[in-house]
Each structure stands twice: as C-alpha cells, then as structure tokens.
Protein chains: 2
Amino acid sequence: MSQDRLTTSSVTVDLTAVVIAVTNETPVTLVLKPGAGGRPALPAGPLQAEHGTLQAGLRSWVERQTGLRLGYVEQLYTFGDRPRPADDPSPGHDDRRLSIAYLALVPVAGVPVAGRAAWMPWYDCFPWEDERSGAGPWRDRLLAGLDGWAETAPDPLRAARRERARLTFGGDAGGWDVERALERYELLYEAGLAPEAWWDAGHAPPSDVLAGVGRPLAIDHRRILATAISRLRGKIKYRPVLFELLPETFTLLRLQRAAEAISGVRLHKQNFRRLVAQQGLVEDTGRVETDTGGRPAKLMRFRREVVSERPAPGVRVTATRRGGYP
Amino acid sequence: MSQDRLTTSSVTVDLTAVVIAVTNETPVTLVLKPGAGGRPALPAGPLQAEHGTLQAGLRSWVERQTGLRLGYVEQLYTFGDRPRPADDPSPGHDDRRLSIAYLALVPVAGVPVAGRAAWMPWYDCFPWEDERSGAGPWRDRLLAGLDGWAETAPDPLRAARRERARLTFGGDAGGWDVERALERYELLYEAGLAPEAWWDAGHAPPSDVLAGVGRPLAIDHRRILATAISRLRGKIKYRPVLFELLPETFTLLRLQRAAEAISGVRLHKQNFRRLVAQQGLVEDTGRVETDTGGRPAKLMRFRREVVSERPAPGVRVTATRRGGYP
DNA sequence: TTCTATATACTCTGCGTGAGCATAAGGGCC
DNA sequence: GGCCCTTATGCTCACGCAGAGTATATAGAA
C-alpha cells in the first residue's frame with residue numbers, strides 16, 4: 001500500500017463554523033462581512049499543526065476572527081470537491097479543499113462581536129424557510145421556477161423532477177417538512193435557481209435567477225448553513241439543545257418563540273406548554289417577568305436533570321394546521 | 001490570512017468504509033483479515049488526487065481491497081486526532097491523520113469477497129449490543145466494571161460516572177436505548193475497559209480487561225463501527241434503508257429479522273407487520289415461500305413509491321417488553 | 001371601570017401503539 | 001385421515017399522546 005501514498009493529493013482542510021443564536025425571534029448566524037461586492041462568509045480557517053483537536057482548531061478560528069468563545073459545538077458534515085474561493089489567486093496550488101463544518105450554539109445575551117464579524121438573520125439566505133406568518137410568496141415562486149426546470153427535461157426525467165419538487169417543497173396536500181431545508185436548497189442549486197450554481201460552474205447567472213432566492217454566501221457556505229438548519233431543526237425534537245440558545249432564565253413564550261424561530265413554523269401555544277411541562281424540561285424560578293404586555297409570566301429555568309431521566313427530551317415541533325398566528 | 005497558510009499542517013486523509021450486510025439474522029461488516037496477531041481493519045485508503053469525489057474515492061478503495069461494488073453509501077463522521085496505526089514505521093511523518101468514515105449497505109445475496117476481505121459479525125466486537133435473546137451476561141459484567149471505574153474517582157466525579165453508566169447502559173428501570181451504541185463504546189473506552197484505550201496510550205492493558213469486552217479492531221475502527229451501528233439503528237426508524245440489506249423479494253419475517261438483527265432487540269411480530277402494512281412499505285408479489293416450516297409466507301417487494309408518499313417511512317423499533325423470544 | 005393582551009388551566013377527541021387472542025395453512029408423524 | 005407442531009395472518013382492546021379548542025387569571029392602558 002505504500003506506493004499509494006505517493007499519489008496522495010495535497011489537501012487543505014478548512015474548519016468552518018455555523019454559529020447560531022436567536023435574537024428577537026430571529027435566528028441569526030455569525031458571518032464575516034464581505035468587501036465591496038463580495039459575499040458574506042462563515043468564520044473559517046485552515047486546520048493547523050498546533051490545533052490539538054479539530055474542535056479546538058475551530059474554536060480558535062472563531063475566537064480569532066470574531067472574538068466569540070463558543071459553548072456547544074457539534075460536527076456537521078465534511079464537504080469535499082468544493083468550488084474554489086473567488087479570491088484564491090493560485091488555481092492548482094492545492095489539489096483539493098475539504099471543509100469540516102461544525103454547528104455551534106450560543107445564547108444571545110451580551111455577545112460581543114469583533115472585527116468584520118456580524119450577526120445575519122439566516123432567513124435572509126432562505127426566505128422560503130420562514131413560514132411563521134403563513135406560506136409566503138416564495139414558495140409559489142420557487143415551485144414555478146422548479147416547474148420551468150422540469151420542463152426543460154425529456155419525459156421520464158421531467159416527471160421525476162416534478163415529483164422531487166413536490167416532495168421537498170410540499171405541494172398539494174404534501175406537508176411542509178421543516179427538516180428538509182437542505183434538500184430544498186440542494187434542489188434549487190441543481191435547478192440553477194441559486195446563483196452559486198452558475199458561479200461555481202464559471203458562468204454568470206441569468207438575470208432572472210437573482211430575484212427572491214435569498215442571499216448567497218461565499219463559496220459553498222450557503223449549503224453549509226442549510227445543513228446546519230436541517231440538523232438543528234431535527235435535533236431540537238429529541239435533545240434539549242434549544243436551551244443553549246436561551247439565557248439562564250426565560251419565559252415559556254420566549255422558549256416557544258425560539259423553537260418557532262428555529263423551525264420556521266408557528267406552534268400551538270397550549271400544547272407546547274403542556275409538552276414542556278410534562279417532559280419536565282423546565283422548572284419554576286419563583287420570579288416573574290412583568291413587562292409581557294399582559295399577565296406576568298413565570299420565569300423558568302432549564303432542568304439539567306432531564307437528560308438523565310428521559311431517553312430523548314426535546315421540543316416536539318408540529319406546526320399548527322392553520323398557518324400564521326393563531 | 002495568507003500567513004496562516006504557512007503553518008497549515010500536512011494532512012493525510014483516509015477514507016474508511018463500514019460496509020454492512022445481514023446474513024442469517026446476523027449483521028456483518030466487511031473487514032480485512034489481519035496478519036498474525038494483528039487486528040482486523042475496515043477497508044480504507046488515503047484520499048488521492050485522481051478521486052473525483054470523496055465518495056468515489058471510497059468506492060474505489062473498497063472495490064480495490066475487497067472486490068465489492070457498493071450501492072447505498074452515506075457519510076458518517078470525520079475523525080481527527082487518531083491513534084497512529086501500529087504498522088506505521090514513520091512517526092512524525094504526517095502531522096495529522098484524518099479519517100472520513102462512510103456507511104455502506106449491501107444486500108447479502110451473492111456477494112463475492114476477494115483477497116484478505118471477510119465478513120465479520122459485528123456483535124463479535126460488541127457482544128453487549130445484542131439483546132435479542134434477552135439481556136446477556138455482558139451487561140452486568142460491564143456495569144460492574146464501570147462501577148469499579150467510578151470507585152476510583154473522588155466524590156463529585158464518582159456520582160457523575162455512576163450516573164453516566166446507568167444512563168447509557170440502562171440500569172434499574174432505565175430502558176435500553178439501542179441507538180446509544182456509540183455512547184456505550186465511548187464510555188467503555190474512557191473507563192479503560194476496552195484494550196484500545198491502553199494501546200492508544202502506549203501501555204499494555206491489564207490482563208483482566210480483556211475478558212468479554214468484545215473483539216478490538218485496528219486503530220480506531222471499533223469506534224467507527226460503533227458510530228455506524230448507532231447511525232443505522234436510528235436511521236431505519238425513519239428512512240427505508242432496511243431494504244438496501246435485503247434481496248429483491250423477501251418475506252415479512254425476513255424483514256423483521258433484519259430489523260431485529262440491526263437493532264439488537266426482538267420486535268412484536270403482529271405490530272411489526274401492521275406497521276409495515278399501513279405505511280405501505282411493501283407490496284405483494286403474488287408468490288409465496290413454502291419452506292418456512294409452517295404456513296407458506298407471501299413474498300413481498302419494497303414499494304419504492306413510498307418515499308414520495310410519506311414524509312418519513314421507516315421501521316419503528318420498540319423492543320417487546322419481555323426480552324427474548326415471545 | 002373597561003378593554004386588551006398575555007398567561008395558564010382544563011376538556012374533548014382521534015390516532016398510534018403496545019399487547020394479546022384467534023384463526024389459517026403448511027408439513028411430519030401416528 | 002387425524003393429531004400436532006410450526007409459521008403466517010387477521011382482529012380486538014386499552015392506553016397514552018397529540019391536535020384543537022374553551023375557559024379563566026392577571027397585568028397595564030384608556
């Protein structure tokens with residue numbers, strides 16, 4: 001096998017971070033602001049010899065670039081065969097670029113962000129993923145675009161494309177599956193409805209593509225963000241990670257709003273509270289928050305003990321049948 | 001940022017495959033047989049320049065080493081900071097070794113395996129993960145070992161260790177969570193009950209460690225296999241991946257036996273059939289299998305259409321309360 | 001005081017799921 | 001053929017959770 005080593009390609013491994021927080025019912029992610037005309041980028045940097053572990057390397061890069069110390073971190077996915085960054089002046093220098101992407105969650109309270117770093121609402125990139133005020137115009141527009149894409153294909157393929165669009169975007173009667181955020185982005189990319197698809201192929205996107213498909217990020221970072229959204233939306237259902245995004249104490253409504261912000265759909269208030277209560281996820285602090293605009297709300301605190309009591313504590317998210325606010 | 005590139009470490013990226021099949025109610029994984037005294041290894045090889053994609057590289061390595069063409073493949077996890085392989089004569093040659101691990105599923109029917117390759121029952125490595133004939137002696141033995149490990153710690157830590165053991169191995173009343181296979185292995189490793197923990201640290205394991213903790217694999221491959229088991233056990237619940245492991249037609253009992261083999265617990269026969277039926281996962285072929293030992297069983301076929309009908313078709317696995325065969 | 005907005009408690013109903021009983025239909029043995 | 005064993009398959013029952021809605025409590029504002 002030793003002769004195989006000789007053909008081993010030189011590899012650059014990037015560590016890329018999707019850092020998530022929730023402010024004012026808006027889920028945000030940490031980005032580095034671009035220069036003129038550029039695209040925002042996720043915090044990232046190459047794996048270095050002095051990094052003890054992959055996670056340590058990631059934390060170090062995020063801290064260096066944004067001044068933020070991470071708490072909860074988990075690995076997302078490893079991306080290979082990525083498009084070359086636009087500002088890379090040395091084509092062919094690296095045979096290959098890998099990116100190991102991580103998901104990090106931080107409570108929003110008092111997070112200073114340094115340098116070029118800023119918080120960006122993630123629905124800027126994926127406007128169709130926010131259905132909290134009912135299915136917006138995006139969905140129909142995208143479905144129309146996907147239909148046009150299907151039209152360009154010969155018959156057996158055409159039906160398959162239509163089917164796939166219906167499946168991921170939940171057409172007639174098909175429910176909206178919040179966890180399919182990544183599939184939806186990948187479909188749009190494949191259909192050429194995301195400008196990155198054109199840039200990555202070395203072309204300029206047709207002008208009509210750019211309307212209403214959300215904000216592109218640098219290189220493949222929008223895909224990485226979509227991966228993070230899908231993962232997080234799935235995970236809050238069976239692990240109490242939602243509390244990583246909240247301050248020490250919070251009201252039940254705030255907890256619900258965070259769950260809604262992440263999953264992009266409205267939840268049934270009473271049932272949400274019942275679920276949280278009977279799972280034993282929170283406990284009363286004895287204090288109340290008075291500036292609620294109505295009856296004061298009890299301030300709650302996460303019960304860390306649940307993880308040792310219940311097999312899969314989490315916040316079930318099932319959208320109310322009727323979209324929008326109740 | 002360009003000066004950072006200079007300190008970028010040289011990286012060797014391995015592609016490692018966990019190839020799973022089910023034969024005779026026994027889940028097996030593809031390994032390369034070791035030399036004298038060595039440990040079996042998963043098929044793996046370094047990422048090379050001529051590999052078009054990561055997956056293509058993986059498929060190529062598996063085919064070269066075992067003669068097997070893979071079907072279903074998905075990425076599992078990327079491992080960093082791995083122990084150095086015992087046969088690596090050049091310490092310090094590579095600054096770092098990464099391994100991108102993949103899960104592959106193949107139907108068992110007529111799979112030729114070439115060279116040093118062989119199928120190994122995965123419960124050889126994790127005997128405690130097979131609870132199909134009731135909780136075996138392993139569980140108690142391991143819990144005892146973990147208790148000893150907890151004893152060696154001072155008080156606040158000791159309670160935490162006991163708690164963790166109870167949580168992952170499901171002590172009193174705590175149910176056995178089949179998906180926690182990885183957590184269980186990691187706990188055993190950390191507690192020094194897996195010999196790899198000693199080898200990786202450069203020591204010889206104490207002699208009493210070796211009894212009944214399952215067969216070690218090369219480097220960190222047992223950890224990778226545990227990752228695959230956990231993933232697969234979770235995935236069959238909401239995606240119809242089980243059918244990747246079966247021949248084109250099969251009886252419902254065979255399907256159930258495959259699900260049981262993967263998850264390591266017995267299932268309730270009637271409810272299993274009801275679930276499969278009402279999910280529309282299978283359809284009748286019209287033929288029957290007569291050598292069942294009793295009433296002939298209908299031969300079924302996977303209905304590929306389900307993926308476009310139901311949001312999350314899969315095979316729910318909940319062990320029958322009473323262990324062992326009903 | 002009245003209105004409004006929020007918090008919180010409780011009810012009703014249907015479905016999924018765990019468990020078990022009953023019946024069907026083969027083969028082997030007397 | 002009758003009996004028994006084995007596996008396949010159909011059906012029922014009970015319980016708990018989840019979706020949806022109604023009702024009540026308690027604050028500030030007009």
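No experiment lies behind these values; they were computed from the predicted model shown.
The minimum heavy-atom distance linking B:Leu299 with B:Asp284 is given by the pair O-OD1, 3.6 Å.
The separation between B:Gln256 atom CD and D:dT9 atom P is 12 Å, rounded to whole Å. Atom OH of A:Tyr238 and atom P of D:dC17 are 21 Å apart (whole Å). A:Arg274 has its CZ atom 11 Å from the C1' atom of D:dG21, to the nearest Å.
Checked by atom type, the side-chain pair B:Glu183/B:Tyr185 shows no donor-acceptor distance below 3.5 Å.
Taking side-chain N and O atoms only, B:Lys269 has a distance below 4.0 Å to OP1 or OP2 of D:dA8. Between A:Gln278 and D:dA18, a side-chain N or O to OP1/OP2 separation shorter than 4.0 Å is present.
Residue-to-nucleotide proximity on DNA chain D shows that, of B:Arg254 and A:Thr290, the 5′-proximal contact is made by B:Arg254. The nearest heavy atom of DNA chain C to A:Asn271 and to A:Lys298 marks one nucleotide each, and the one closer to the 5' end goes with A:Lys298.
A:Trp176 carries A:Arg184 over the face of its six-membered ring, with the cationic atom under 6.0 Å from the centre and within 45° of the normal.
Ion pairing between A:Glu25 and A:Arg254 fails under the 4.0 Å rule for side-chain N and carboxylate O.
A donor and an acceptor atom sit less than 3.5 Å apart, one in the side chain of A:Gln270 and one in the base of D:dT22.
Nearest nucleotide to the A:Leu252 side chain, out of D:dA8, C:dT8, D:dT26: C:dT8.
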